[in-house]
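Here's the structure we're looking at; comments come further down.
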Amino acid sequence: MSVAEPAVAEGFWRAGRVGLVAAILAIGNVAIAAGVLWMVYRPGGPGTLMDFGAFWGAAHLALEGRAATAYDPAAMQAVQSEALGRPYERLMSWFYPPHLQMVLTPLGALPLLPAQAIWTLATAIGYGVVVWRILPRWEAVAAAFAPATAVLLLVNGQTGFLTAALLGLMLLALENGRRGWMAGIALGLLSIKPQVALAAPLALLAAKRWGVLAVAAAVALGAAGLATVLLGWSAWEGFFAALGQSSRDLVSNDIWKIHASLHGFLRGLGAPGTAAIGVQALLSLAVLFALLGVWARGRGSADERAALLAFACVAASPRVMDYDLLILVVGGLFQVRAMLGREARVWEAPLLALAVVLPMADFLTPLEVNWALGPVLFASAYLAMPRAA
């Protein structure tokens with residue numbers, strides 16, 4: 001099978017048709033995002049701040065020497081109201097660790113909209129570059145921006161482009177034994193959102209990639225230390241205090257709908273917290289057990305292991321959000337690469353399509369399916385691997 005026909009070579013799944021559909025979806029996403037931003041920020045528009053309001057607020061407070069107050073909901077609401085020019089009713093709190101606040105700090109010197117544009121474009125371009133490195137085809141880039149998740153990120157300015165890019169960079173670097181240091185740097189930077197990278201250090205432990213883990217630990221600790229020097233220890237005190245507040249806000253604000261985990265799905269149905277996290281724990285343990293077995297034995301190709309790890313990062317996390325689902329696209333592209341070197345299973349391409357067409361389905365339809373995408377794609381990739389000898 002040639003690179004010219006990467007998906008399952010027959011019928012609808014020919015690369016040209018897949019690329020055309022993905023391009024239409026991607027262009028539509030950009031147009032929708034542009035329309036939403038115009039409606040919100042046009043002269044005389046409501047000017048309601050998106051999620052990036054908290055990012056900008058944290059950066060602005062850090063510039064003023066008040067980094068720790070970013071974790072105070074009242075202080076954050078006040079600075080967002082100042083940016084908006086009127087009282088801001090929608091509370092958007094800040095829960096990321098101080099080393100991300102440190103990176104964002106220069107953007108606090110800019111007005112909110114230019115800051116959001118720079119952040120969104122920089123992270124989206126970085127994501128696109130990593131996608132091109134994984135599979136250098138225009139169809140792959142189109143597919144990367146085809147999920148409706150891209151609309152949410154282009155509008156809200158969340159971290160989904162960045163985390164998907166860092167995970168993809170880590171997986172690419174792992175293929176090259178001489179670039180283990182780069183994989184470690186990418187994994188260390190993912191400490192800004194460790195819950196979506198939980199499976200990665202465990203897989204590396206199973207594979208005995210000690211050097212990568214050492215670099216990752218050094219980068220994470222170094223970034224945390226630098227943030228402490230620049231922002232003060234009080235920023236960490238605010239962060240740790242905010243973690244408990246984050247859990248309470250999730251319950252009181254009833255935002256389980258934007259979760260893409262089994263835990264969030266069950267909580268959205270009204271299940272008790274203990275029961276929901278217990279069921280999620282069973283799923284997470286099953287996923288991690290299968291993942292560690294594959295990585296410990298070196299089973300399958302490097303691309304198959306990379307895809308499995310990316311899917312596991314979503315499936316095993318109890319707190320993965322809708323805007324994190326581009327990680328599934330990264331895994332899907334590695335699985336497509338794996339399919340180039342072997343006969344594709346009949347179910348692989350249709351299930352990979354789910355990573356493109358179903359994210360955000362819970363917003364667009366009555367379906368609550370986002371939680372199932374990670375486990376289904378993980379199972380698909382696991383079953384498609386050759387049996388262990």
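Starting from 1, each residue takes its place in the sequence as its number. Quick note: numbers below take in every heavy atom, side chains included, and nothing from hydrogens, waters or symmetry partners.
Taking the six-membered ring where the residue is Trp, the centroids of Tyr127 and Phe145 are separated by under 6.0 Å. You'll find the ring centres of Phe161 and Tyr323 outside the 6.0 Å limit.
The number of heavy-atom neighbours closer than 6.0 Å to CZ of Phe240, taken from other residues, nucleotides and ligands shown, is above 12.
Within the model, atoms CD of Gln335 and CG of Leu377 stand 7.5 Å from one another, a figure rounded to the nearest 0.5 Å. Taking SG from Cys313 and CZ from Phe378, the interatomic distance works out to 10.5 Å, rounded to the nearest 0.5 Å. Here the straight-line distance linking atom CD1 of Ile134 with atom CG of Asp303 works out to 9.5 Å at 0.5 Å rounding. One distance of note links CG of Leu309 with CG of Leu202; it measures 9.5 Å at 0.5 Å rounding.
Using a 4.0 Å cut-off between charged nitrogen and carboxylate oxygen, Glu348 and Arg342 count as a salt-bridge pair.
Thr228 has its side chain out of reach of Pro98: every pair of non-hydrogen atoms, C-beta onward, lies at least 4.5 Å apart. Side-chain contact between His99 and Ile192 is present, with at least one heavy-atom pair separated by less than 4.5 Å. Side-chain contact check for Met76 versus Val79: some heavy-atom pair is nearer than 4.5 Å. Taking the side chain as every heavy atom from C-beta outward, Phe55 and Thr159 approach each other to under 4.5 Å. Using a 4.5 Å heavy-atom threshold, the side chains of Ser261 and Arg319 count as separate. Residues Leu326 and Leu153 meet the side-chain proximity criterion, which asks for heavy atoms closer than 4.5 Å.
Nearest heavy atoms, Ala164 versus Val330: O-CG2, 3.6 Å.
No donor-acceptor pair closer than 3.5 Å links the side chain of Asn370 to the backbone N or O of Asp322. At least one donor-acceptor pair under 3.5 Å links the side chain of Arg297 to the backbone N or O of Gly293.
Between Gln101 and Thr105, the side chains place no donor N or O within less than 3.5 Å of an acceptor N or O (distance only, hydrogens not considered). There is no side-chain donor-acceptor pair under 3.5 Å between Tyr71 and Ser93.
There is no path of hydrophobic side-chain contacts, each under 4.5 Å, that joins Leu198 to Leu262. No single ILVMFWY cluster, assembled from side-chain heavy atoms under 4.5 Å apart, contains both Val219 and Val103. If you chain together hydrophobic residues whose side chains sit under 4.5 Å apart, Val314 and Leu288 fall into the same group. Using a 4.5 Å cut-off between side-chain heavy atoms of Ile, Leu, Val, Met, Phe, Trp and Tyr, with links allowed through other members, Met39 and Phe52 fall into different hydrophobic clusters. Residues Leu63 and Leu226 are members of separate hydrophobic clusters, defined by side-chain heavy-atom contacts under 4.5 angstrom among Ile, Leu, Val, Met, Phe, Trp and Tyr.
A tilted orientation is assigned to the rings of Tyr96 and Trp94, their planes being inclined by 30° to 60°.
Within the cation-pi definition used here (under 6.0 Å to the ring centroid, within 45° of the axis), Arg299 qualifies as a partner of Tyr382.
Checking each of Leu174, Leu166, Leu172 against Met170 for a side chain to side chain contact (heavy atoms under 4.5 Å, CB included) leaves exactly one that passes, namely Leu174.
Evaluation of the salt bridge (charged side-chain N to carboxylate O under 4.0 Å, His left out) test over residues 181-198, restricted to residues two or more places apart or in two chains, returns Lys193-Asp324.
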